[in-house]
Participant: 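Pasting a structure here, questions to come.
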Amino acid sequence: MKRTSALATTACLLCLAAAAVPAAPAAADYSGNPLAGDSGFGVLVQDDAVLGSTETEGSVAIGGNLTYGPGYNVALQTPGTFTAPGDDRPTALLVGGRIDHAASSPQGVLQVLSGGYVKVGDPTGSTVLDEDSNGAEVNTHIVAAGAGYDSTPRVQETVHQPVESVTDTTGLPDMDALFATFRNRSDAIATCATNVVLRDASGTPLPDQTGFPAGTSAHITLTEGETNVLRLTGEQLNNLSELTFDNQPDATTPFVVDIDTTGTDSTYVWHIPNLAGVSGDQAPYMLWNFPDATDITIADGDSLEGTIYAPRAHLTDLDPSNIEGTIVVRELTAGPLGDGGTSVDAGEIHQFPFAADIDCDGTGPSPSPSPTDSTPTPTPSPTDSTPT
C-alpha cells in the first residue's frame, strides 16, 4: 500500500488552512481627485433618481429616468460648468433616460433655475414646448405628452431653450463609463492606510479606537499637509454622537472617512453625528467613502459636511438637515414624492464640490493570520520509519 509521509500530510493541511483565510482587498496607492471627470455636476446618479422635495444649489446629472415631487428646484445657485456642444448655456439638468411624468407628483413642478438648460436622452412620454399659442417664444416647459404649456406635472426653465437642443445628446458625459471609474477609485481609497486617532476631550486616545460604545464623543486632530484617513464600520460610525475637529481640513489636509458596511449586508441606516468645528468652508475637503454599500438611508442627524462617495449605492435621504457637498450614487431618492413641507422632507443639497487631491499608500487591512510563501517545517521532524 502507498504511504503518505508525515511531512506531505502536514504541508497539505497547512495549505488547506491558508486557503481558508479570506483574502484582503488588493492594496492600491491612490493619488488624485476622486471626482475628476464629473463635468462640474453637483449631483451625479448613474441610474434613476427621485427629486422629491426641496432643492439642489448646483447642477444634476442623471443617467437613467427622473421622477419628481410637487416643488423641487435645481441649480438654485449655479447652472454648473458643463456646456454641451452647440449650446450657449450650461446644462443644469441632464436626464440620460426619460422624464417619468406619470410617476411624478400630479402637482409636480420642477424648476431649473440660474438660466440653465435641460437635456433629455429619451423624450418618450414628454412634449417640449418653447412657443405659446400665438407662436411667440416663451421659457421652455417639458410636460407630459400632449399636455398644455402650464399643465402639471412639468419641468420648467427660466429661459428659452430650443426644442431640438433639449433632445440633442451630442457630447454628453457617459455616465456608465464615469461610474466604472468612480467605483475603481472608491475601491482604491478603501485600502488607504488609517492614520487618524480618535481622542477624548482631554486629548487622550480612546482606549479602543473601533470598539467604543454608542453615544461616544470623539475629537480629531488632523496631520497637516497630508491626507487623513479614518476607517470605521457603519455601526462604529453610528456610535459616534459627536465628532469634533480640533483643526480643520483644507486643500492640503483633506479628511477621508472610509465606511465598511459589509457587516450589515451592504445596507446602512445612517444617523449622522454632530460635526463640530467644521462647516461649508471645510466641506470641499471632506469625503465619505462607501466602497461596498448598495443601500444607504440617511435617517436623521446633523448637516453633513463633505461629499458622499457611494458609487454602488441607492441613497435615500429622509433627513431634513442639509448635505453640503457633491453626491455620487448609483440611484437617488431625495425625499418622498408627497406634498412639500412635511416632516419627512429631505434637506437641501448645497454646492460644495470636492476640491482636494487624496494621496495615500495602499496599505489597508490584511488577513490575519497572514499566510506566508515559505513551507513551514513540522515539529517533530518526520523520519523514514512507518508512522504508527
Side-chain angles (χ1 to χ4, degrees), residues 22 24-25 27 30 186 189-250 252-264 266-279 281-283 285-293 296-310 319 321 324-325 356 358-370:
Y30 182 79
S186 180
I189 293 168
T191 69
C192 291
T194 300
N195 57 2
V196 169
V197 177
L198 297 175
R199 303 176 184 274
D200 63 21
S202 67
T204 303
L206 296 183
D208 190 335
Q209 288 290 301
T210 57
F212 41 79
T216 295
S217 294
H219 285 244
I220 288 177
T221 300
L222 302 174
T223 302
E224 295 184 3
E226 67 179 51
T227 299
N228 289 257
V229 180
L230 174 65
R231 178 169 290 106
L232 299 170
T233 67
E235 180 183 8
Q236 291 159 359
L237 179 56
N238 279 341
N239 281 347
L240 290 172
S241 61
E242 183 169 86
L243 199 56
T244 299
F245 290 80
D246 295 329
N247 59 338
Q248 297 176 325
D250 59 29
T252 61
T253 309
F255 175 64
V256 177
V257 186
D258 188 70
I259 302 102
D260 179 356
T261 62
T262 55
T264 52
S266 298
T267 298
Y268 184 47
V269 178
W270 193 2
H271 306 282
I272 296 175
N274 182 47
L275 299 175
V278 290
S279 64
D281 289 342
Q282 289 74 47
Y285 317 115
M286 300 175 66
L287 186 86
W288 305 81
N289 184 42
F290 292 85
D292 55 72
I296 302 170
T297 298
I298 301 179
D300 50 43
D302 191 16
S303 290
L304 182 72
E305 308 298 340
T307 287
I308 297 177
Y309 202 65
D319 185 2
S321 298
E324 303 205 304
I358 293 173
D359 189 3
C360 67
D361 294 330
T363 55
S366 60
S368 179
S370 299

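Sequence positions, counted from 1, serve as the residue numbers for this chain.
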Participant: Dump the intermediate steps for side-chain hydrogen bond (donor to acceptor under 3.5 Å, both in side chains) on Asp292 and Thr262, then the final yes or no.
Facilitator: CA-CA 7 Å; Asp292 55 72; Thr262 55; 5.1 Å; no
Participant: Give me the atom names and distance for the closest heavy-atom approach of Glu324 to Ser279.
Facilitator: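 Distance-wise, the nearest heavy atoms are OE1-C, 4.1 Å.
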Participant: Is a side-chain donor or acceptor of Gln209 paired with a backbone partner of Leu198 at a separation under 3.5 angstrom?
Facilitator: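 Looks like yes, one N/O pair under 3.5 Å.
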Participant: Please report the interatomic distance CG(Leu222) to CG(Asn247), rounded to the nearest 0.5 Å.
Facilitator: 4.5 Å
Participant: Filter on side chain to side chain donor-acceptor pair (under 3.5 Å), then keep only pairs touching residues 221-230, sequence neighbours left out; what's left?
Facilitator: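 Every pair satisfying side chain to side chain donor-acceptor pair (under 3.5 Å) with a residue in residues 221-230: Asn195-Glu226, Thr221-Asp246.
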Participant: Counting C-beta onward and ignoring hydrogens, is there a side-chain heavy-atom pair between Asp200 and Leu206 closer than 4.5 Å?
Facilitator: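 A side-chain contact exists here, since the closest heavy-atom pair is under 4.5 Å.
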Participant: Taking C-beta and beyond as the side chain, do Ser241 and Pro273 meet within less than 4.5 Å on heavy atoms?
Facilitator: no
Participant: Heavy-atom distance under 4.5 Å between the side chains of Ile259 and Tyr309, does that happen here?
Facilitator: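 They are not in contact (no side-chain heavy atoms under 4.5 Å apart), so the answer is no.
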Participant: Without swapping roles, check the side chain of Arg231 against the backbone of Ala190 for a donor-acceptor pair under 3.5 Å.
Facilitator: yes
Participant: Rounded to the nearest 0.5 Å, what separates atom CD1 in Ile272 from atom CG in Leu237?
Facilitator: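 One finds 8.5 Å between CD1 of Ile272 and CG of Leu237.
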Participant: Can you tell me how far the CG atom of Leu304 sits from the CG atom of Leu275, to the nearest 0.5 Å?
Facilitator: 6.5 Å
Participant: Is any side-chain heavy atom of Phe255 closer than 4.5 Å to one of Leu287?
Facilitator: no
Participant: For the CG atom of Asn274 and the OG1 atom of Thr244, what is their distance to the nearest 0.5 Å?
Facilitator: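 If we round to the nearest 0.5 Å, Asn274:CG and Thr244:OG1 are 7.0 Å apart.
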Participant: Under a 4.5 Å cut-off applied to non-hydrogen side-chain atoms, are Asn238 and Trp270 in contact?
Facilitator: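 Yes; the side chains approach each other to less than 4.5 Å.
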Participant: Strictly distance-based, threshold 3.5 Å: is any side-chain N or O of Gln236 a donor or acceptor partner for the main-chain N or O of Thr210?
Facilitator: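 Such a contact is found between Gln236 side chain and Thr210 backbone.
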Participant: Find out whether Thr297 and Tyr268 are in side-chain contact, i.e. whether some heavy atom of one side chain is under 4.5 Å from a heavy atom of the other.
Facilitator: no
Participant: Compare all side-chain heavy atoms of Leu240 with those of Phe212 and state whether any distance is below 4.5 angstrom.
Facilitator: yes
Participant: Specify the closest pair of heavy atoms between Ala293 and Thr261, including all atoms of both residues, with the distance to one decimal.
Facilitator: CA-OG1, 3.4 Å
Participant: Taking only residues two or more places apart in sequence or in another chain, which ones pass side-chain hydrogen bond (donor to acceptor under 3.5 Å, both in side chains) with Thr253?
Facilitator: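 Only Asp250 meet the side-chain hydrogen bond (donor to acceptor under 3.5 Å, both in side chains) criterion with Thr253.
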Participant: Could you check Leu232 against Asp260 for side-chain contact (heavy atoms from CB on, under 4.5 Å), going step by step and ending with a plain yes or no?
Facilitator: CA-CA 6 Å; Leu232 299 170; Asp260 179 356; over 6 Å; no
Participant: Please evaluate residues Ser186 and Asn289 with respect to the criterion side-chain hydrogen bond (donor to acceptor under 3.5 Å, both in side chains), reporting the C-alpha separation (whole Å), side-chain torsions for both, the decisive distance (0.1 Å), and the verdict.
Facilitator: CA-CA 7 Å; Ser186 180; Asn289 184 42; 2.6 Å; yes
Participant: Any idea which heavy atoms bring Pro213 and Thr216 closest together, and the distance?
Facilitator: O-OG1, 2.6 Å
Participant: Nearest 0.5 Å please: distance from the CD atom of Glu305 over to the OH atom of Tyr285.
Facilitator: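 One gets 13.0 Å once the value is rounded to the nearest 0.5 Å.
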Participant: Can you run down the salt bridge (charged side-chain N to carboxylate O under 4.0 Å, His left out) pairs that involve residues 270-279, sequence neighbours left out, and say none if there aren't any?
Facilitator: none
Participant: Give the minimum heavy-atom separation between Phe245 and Met286, together with the two atoms involved.
Facilitator: CZ-CE, 3.7 Å
Participant: For residues Val196 and Val229, determine if any side-chain heavy atom of one lies less than 4.5 Å from a side-chain heavy atom of the other.
Facilitator: no
